[in-house]
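Reckoned from all heavy atoms, side chains included, excluding hydrogens, waters and symmetry mates. Note that this is a predicted model, so its numbers are computed, not measured. We count residues from 1, following the sequence as given.
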Amino acid sequence: MPNKLKRLWKSMGPGLITGASDDEPSGIATYTIAGAKFGLASLWMALFTLPLMIAIQEMSARIGRVSNQGLAGNMKKHYPKWLLFSIAFLIVTVNTINIGADMSGMAQSVALILPFPEKITAIIMTVVILLLTVLLPYQKIFNIFKWLALSLFVYVLAIFTVHENWPEILKNLVVPKILFTKEFFIMMTAFFGTTIAPYLFFWQANQEVEEKIIHQCKPGRVCHLKPVTPEELSDLRVDTRVGMTFSNLITFCIIILTSSTLFKAGLHNVETLKDAAEALKPIAGEYSYLLFTIGIISSGFLAIPILAGSAAYVIAETFGWSQGLNKTFTKAKEFYGVIIASTLIGLIIPLLGFHPVKALFYTAILYGLISPIVIAMIIHMANNPNIMGQHVNSRSMNLIGRFTLIIMTATAVISLIVI
């Protein structure tokens, strides 16, 4: 068994990291709000969104692996430029806001454990994240990301620090419950938006290309990437499905924890992640409080480089710049410049003291509004033989993909009506 686990761990790659980064502070804030305000009524969404996110992430990953280009690169080559520029602008803008909101949530969480001023903490964390991202070689960054992903198991541990009504939990997991209120529909858009977030599509597609380069190319030599093999596609599917299942397991645990504590205690309006963590202390105990706080911090260290990195991939492919974490700073200055710029611009949010939970929650809503456009493009690309050759979508994958598009479009339209 240990050898099988080791092999599984080694085989895990972009799918696991992408799935874990989905549970970044924006996601934690959204799931915390859902659990605190609506209790277990939102729990079914964790199960309902799983096959949807698997389908879209698997398409994105396959596009990258087969075409040897990220999503933006394929859009540039095969679709109108105005469409690419519009999507690039939206992704980079929302990602940058999300970086700042994540940084603010992390700084508040650190302040709960260590007696440091939040603004100084935010600056220090920004510097550390940028130094690690820019200076470390790709393989080391990749390994750090994998271990940070594993750290999110703290939320699995946290639910066992509180008494749970498991029959009630299982019932709410499999039986959808919809409350016909404005607040519930806005929360549902935020939930779907942060779970099936556009930056994840771009990130995983480009990471599949990076993985091919690392395994097939020798440094300093001209590299011609080989056509994708059935074994690669099989590994990609397993990696993606494990990663997305892990992501939604963490979502499931956060909703259960906040529902069984904050919701039951009548603390329905969470103003800050700091307030949520502090409220857990007297209700759920010291361990639950610490685990919740540590999860926010570790998820931010994983998510911020990925948010900045996905923005950098989009911009670099749009303008034809040299790009990739496998390259040094001197060989991809513009790519790393976007990472540095988006992270530093995002730092303005904690420095100016903007409301972090509201910023996190509204970025999730914005992702929910943007997602249908990007998902439609991904489905079209995954069926385009000029991009995918013989590896176009299967009928079942198209059915799930189009159902996802309908669901994401419906939640976005409803939210625009009720907001």
### Message
Quick one, I387 with K77, criterion side chain to side chain contact (heavy atoms under 4.5 Å, CB included). Give me CA distance, side-chain angles, the key distance, then yes/no.
### Response
CA-CA 9 Å; I387 297 172; K77 188 174 180 180; over 6 Å; no

### Residues M125, V128; criterion side chain to side chain contact (heavy atoms under 4.5 Å, CB included); working and verdict
CA-CA 5 Å; M125 287 191 300; V128 170; 5.6 Å; no

### Task
Check step by step if side chain to side chain contact (heavy atoms under 4.5 Å, CB included) holds for K37 and M187.
CA-CA 10 Å; K37 182 165 284 207; M187 182 278 295; over 6 Å; no

### Query
Should F202 and I87 be marked as a side chain to side chain contact (heavy atoms under 4.5 Å, CB included) after you check the CA-CA gap, both sets of side-chain angles, and the distance that decides it?
CA-CA 11 Å; F202 289 89; I87 291 173; 3.8 Å; yes

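In this structure, the ring of F335 has its center no less than 6.0 angstrom from the ring center of F329. The six-membered or imidazole ring of Y31 lies away from that of F252, with a centre-to-centre distance of 6.0 Å or more. Aromatic ring centres of F192 and Y367: separated by at least 6.0 Å.
Partners of E208 by salt bridge (Lys or Arg N to Asp or Glu O under 4.0 Å), not counting sequence neighbours, listed by chain and number: R65. With sequence neighbours left out, the side-chain hydrogen bond (donor to acceptor under 3.5 Å, both in side chains) criterion links S21 to no other residue.
A donor-acceptor contact shorter than 3.5 Å is absent between the side chain of K177 and the backbone of A41. Remark: side-chain polar atoms of T189 are not paired, donor with acceptor, to backbone N or O of G368 under 3.5 angstrom. A donor-acceptor distance shorter than 3.5 angstrom exists from the side chain of N143 to the backbone of Q139, with no hydrogens or angles considered. Using modelled atom types, one side-chain atom of S322 and one backbone atom of K331 make a donor-acceptor pair closer than 3.5 Å. The backbone N or O of K327 sits less than 3.5 Å from a side-chain atom of Y336, completing a donor-acceptor pair. A donor-acceptor pair is defined here as one N or O able to donate and one able to accept, closer than 3.5 Å; such a pair exists between the side chain of S371 and the backbone of I196. E317 contributes a side-chain N or O that, together with a main-chain N or O of G70, makes up a donor-acceptor pair within less than 3.5 Å. Checked by atom type and distance alone, the side chain of S260 pairs as donor or acceptor with a backbone atom of L257 at under 3.5 Å. Under the 3.5 Å distance criterion, the side-chain polar atoms of N383 are matched with a main-chain donor or acceptor of I379. Under a 3.5 Å cut-off, the side chain of S104 and the backbone N or O of A101 do not form any donor-acceptor pair.
Looking only at atom types and distance, the side chain of N74 has a donor-acceptor partner in the side chain of S67 under 3.5 Å away. Residues T240 and Q204 bring a donor and an acceptor atom of their side chains to less than 3.5 Å of each other. Defined by atom type and a distance below 3.5 Å, a donor-acceptor pair is missing between the side-chain atoms of S310 and N206. If you check the side chains of N95 and S342, you find no donor sitting under 3.5 Å from an acceptor. Checked by atom type, the side-chain pair Y155/T251 shows no donor-acceptor distance below 3.5 Å.
Here the CE atom belonging to M388 is positioned 10.0 Å from the CE atom belonging to M381, to the nearest 0.5 angstrom. Of the inter-residue distances, the one linking L43 atom CG with I254 atom CD1 reads 12.0 Å to the nearest 0.5 angstrom. With rounding to the nearest 0.5 Å, the separation of CD1 in I141 from CD in E210 is 9.0 Å. Atom CD1 of residue I54 and atom CE of residue M397 lie 9.0 Å apart, to the nearest 0.5 angstrom. The CD1 atom of I123 lies 5.0 Å from the CG atom of L351; values are rounded to the nearest 0.5 Å. Summarising the geometry, atom CD1 belonging to I129 is positioned 13.0 Å from atom CD1 belonging to I340; distances are rounded to the nearest 0.5 Å.
Nearest heavy-atom pair, F319 versus K76, reported as atom, atom and distance to 0.1 Å: C-NZ, 3.9 Å. Pairing each heavy atom of D239 with each of G13, the nearest pair is OD1-N, 2.9 Å. Counting all heavy atoms, side chain and backbone alike, Q323 lies closest to Y313 at OE1-CD2, 3.1 Å. The shortest non-hydrogen separation linking G35 to T258 is CA-OG1, 3.3 Å. Across all non-hydrogen atoms, the minimal contact from S298 to L152 is OG-CD2, 4.1 Å. Contact record, S60 with I378: OG-CD1, 3.4 Å, taken as the closest heavy-atom pair.
Considering only heavy atoms from C-beta on, Q69 stays 4.5 Å or farther from M75 through its side chain. Residues F191 and I255 have side chains in contact (heavy-atom distance under 4.5 Å, counting atoms from C-beta outward). Between T343 and L347 the shortest side-chain heavy-atom distance does not fall below 4.5 Å. Using a 4.5 Å cut-off on side-chain heavy atoms (C-beta onward), Q207 and T18 make no contact. For the pair E232/T229, a side-chain contact is recorded, criterion being any heavy-atom separation below 4.5 Å from C-beta on. Contact of the L136 side chain with the I144 side chain is registered, since non-hydrogen atoms from C-beta on lie closer than 4.5 Å. Looking at F145 and L16, their side chains never come closer than 4.5 Å, going by heavy atoms from C-beta outward. The side-chain heavy atoms of T49 and I407, taken from C-beta on, include no pair separated by under 4.5 Å.
In summary, of the residues considered (T194, L302, I99), a side-chain contact (heavy atoms from CB on, under 4.5 Å) with E24 occurs for T194 alone. Of the options M103, M106, Q108, a side-chain contact (heavy atoms from CB on, under 4.5 Å) to E118 is made by Q108 and by none of the others.
A perpendicular orientation is assigned to the rings of F184 and F38, their planes being inclined by more than 60° (bins at 30° and 60°). In this structure, W44 and F48 have perpendicular ring planes: the angle between them is above 60°, well past the 30° mark.
Taking a 6.0 Å sphere around CZ of F89, one finds it holds 12 or fewer heavy atoms contributed by other residues, nucleotides or ligands. More than 12 heavy atoms of other residues, nucleotides or ligands lie within 6.0 Å of NZ in K212, so this atom counts as buried by the packing criterion. Atom NE2 of H380 has 12 or fewer neighbouring heavy atoms from other residues, nucleotides or ligands inside a 6.0 Å radius.
Applying the ring-ring contact (aromatic ring centres under 6.0 Å, His included) test to every pair with at least one member in residues 114-140, sequence neighbours left out, gives these pairs: Y138-F142.
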